[in-house]
Novice: 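Below you'll find the structure I mean.
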Amino acid sequence: MADANSSSGPETGDSPRGFAFALAAYLLWGFLPFFMKAVAHIPAPEVVAHRIVWSVPLAGLVLVWLGRTADIKAALRSPRMLAMATLTAVLITVNWGIYVWAIGAGRAIETALGYYINPLFSVFLGAVLLKEKLGKAQMVAIALAACAVAILAFDAGGLPWVSIGLCFSWGFYAFFRKTLPVGPNQGFFLEVLLLSVPALAYVVWLEATGQGHFGDTGMADMLWLLACGIVTAVPLMIYANGAKLLRLSTIGIMQYIAPTMIFFIAVFAFGEPFGTTKLIAFAFIWAALFIYSGSMLHTARARRLAAAELKPAE
């Protein structure tokens with residue numbers, strides 16, 4: 001999934017077209033648990049490998065259609081860019097692996113928590129790694145999120161590693177992804193292209209040893225695995241085209257659509273247990289996000305007003 005911190009959306013205004021693109025992407029991400037539940041009988045590493053393999057042709061066709069293949073050629077000639085793309089590719093693979101496994105294991109609520117925490121973790125990363133100054137509202141929000149994690153850890157007798165793993169892997173992915181001087185579509189294609197070699201080798205090995213699900217276990221499994229590329233590449237590319245037409249503050253609010261949908265699907269569709277302790281922890285998270293979003297909207301509004309006041313003087 002994507003967040004406001006990994007977007008390059010404008011601060012000048014929102015486009016209805018951009019809003020439609022972003023909304024479509026977040027809705028697709030929100031419904032993704034249903035797909036992952038349908039392939040839960042297939043080992044998570046195999047599902048991730050097929051997500052990578054079948055994303056390559058889709059992402060490649062999009063770049064050909066957009067006429068941006070020159071960016072990929074330039075990236076492949078740059079050792080530094082290849083190194084950074086390899087790092088982000090590894091991080092996104094870890095994120096996908098945890099997510100696919102967690103949904104199949106009946107821990108979708110924990111995935112929702114991870115993606116709820118992610119924006120706050122990104123702010124924390126900016127403060128620690130980039131020395132960005134935290135506002136009072138941001139510090140309160142981060143503290144509340146930390147309390148939520150502590151409550152869940154105390155109740156479970158250990159850290160909620162699914163939530164933390166998703167949060168950390170995506171947070172660092174978004175952080176390092178900013179260092180790739182290519183567009184989101186090109187960057188995604190470069191990542192899956194680099195990953196496709198080991199992923200394809202793994203798929204071939206599974207099939208050769210009779211452990212794979214692409215063909216030997218029926219047409220249904222083959223179609224599910226082929227669809228992995230669609231459910232991976234399509235939402236990300238739709239989002240990439242929408243984010244550049246929206247303000248960061250708008251994306252910052254919209255990014256909660258997917259984890260909220262995952263949360264309700266986990267509780268009401270999958271029937272995952274949601275007791276008092278989890279309710280208290282999520283209340284802390286929702287309060288943190290309310291404070292964080294309010295602060296973000298207030299800052300964005302102040303910037304727009306300041307920009308409007310300066311216009312007559314130009």
Novice: Please table the atom pairs, donor to acceptor, closer than 3.5 Å between any side-chain atom in residues 80-89 and protein atoms at least two apart or in another chain.
Specialist:
residue, atom, partner, partner atom, Å
Thr86, OG1, Leu82, O, 2.7
Thr88, OG1, Met84, O, 3.3
Thr88, OG1, Ala85, O, 3.0
Thr88, OG1, Glu191, OE2, 2.9

Novice: For the CG atom of Leu195 and the CG atom of Leu200, what is their distance to the nearest 0.5 Å?
Specialist: 12.0 Å
Novice: For residues Leu245 and Gly18, report the shortest heavy-atom separation together with the two atoms involved.
Specialist: CB-CA, 3.6 Å
Novice: Please, which pairs that meet ring-ring contact (aromatic ring centres under 6.0 Å, His included) have at least one residue in residues 198-230, sequence neighbours excluded?
Specialist: Phe35-Trp224, His50-Phe214, Trp54-Phe214
Novice: I want to check something: taking the side chain as every heavy atom from C-beta on, are Ile285 and Leu144 in contact at a cut-off of under 4.5 Å?
Specialist: no
Novice: To the nearest 0.5 Å, what is the distance between CG on Asn118 and OG on Ser163?
Specialist: 11.5 Å
Novice: Let me confirm one number: the CD1-CZ distance from Ile262 to Phe31, rounded to the nearest 0.5 Å.
Specialist: 11.5 Å
Novice: Nearest 0.5 Å, what's the OH-CD1 distance between Tyr115 and Ile257?
Specialist: 16.0 Å
Novice: Is the shortest side-chain heavy-atom distance between Val162 and Leu113 below 4.5 Å?
Specialist: no
Novice: Only counting residues at least two apart or in another chain, list the ones meeting side chain to side chain contact (heavy atoms under 4.5 Å, CB included) with Ala105.
Specialist: Trp101, Arg107
Novice: From Asp71 CG over to Leu76 CG, what is the distance, rounded to the nearest 0.5 angstrom?
Specialist: 11.0 Å
Novice: Are any of the side-chain heavy atoms of Leu28 and Val231 separated by less than 4.5 Å?
Specialist: no
Novice: Do Leu152 and Lys278 have side chains that approach each other closer than 4.5 Å (heavy atoms only, starting at C-beta)?
Specialist: yes
Novice: Measuring from atom CD1 of Ile291 to atom CH2 of Trp286, what distance do you get when rounded to the nearest 0.5 angstrom?
Specialist: 15.0 Å
Novice: For Asp221, check side chain to side chain donor-acceptor pair (under 3.5 Å) against everything at least two apart and list the hits.
Specialist: His41, Thr217
Novice: Not counting sequence neighbours, which residues clear side chain to side chain donor-acceptor pair (under 3.5 Å) with Thr111? List them please.
Specialist: none
Novice: Tell me, which pairs form a ring-ring contact (aromatic ring centres under 6.0 Å, His included) where one or both residues lie in residues 120-151, sequence neighbours left out?
Specialist: Phe121-Phe168, Phe121-Phe172
Novice: Ring centres of Trp29 and Tyr26 under 6.0 Å apart?
Specialist: yes
Novice: Taking the side chain as everything from C-beta on, heavy atoms only, tell me whether Pro119 gets closer than 4.5 Å to Tyr256.
Specialist: yes
Novice: Under 4.5 Å between any side-chain heavy atoms of Ser55 and Phe188, yes or no?
Specialist: yes
Novice: Any side-chain heavy-atom pair from Leu91 and Arg177 closer than 4.5 angstrom?
Specialist: no
Novice: Can you classify the ring geometry of Phe274 versus Phe282 as parallel (below 30°), tilted (30 to 60°) or perpendicular (above 60°)?
Specialist: perpendicular
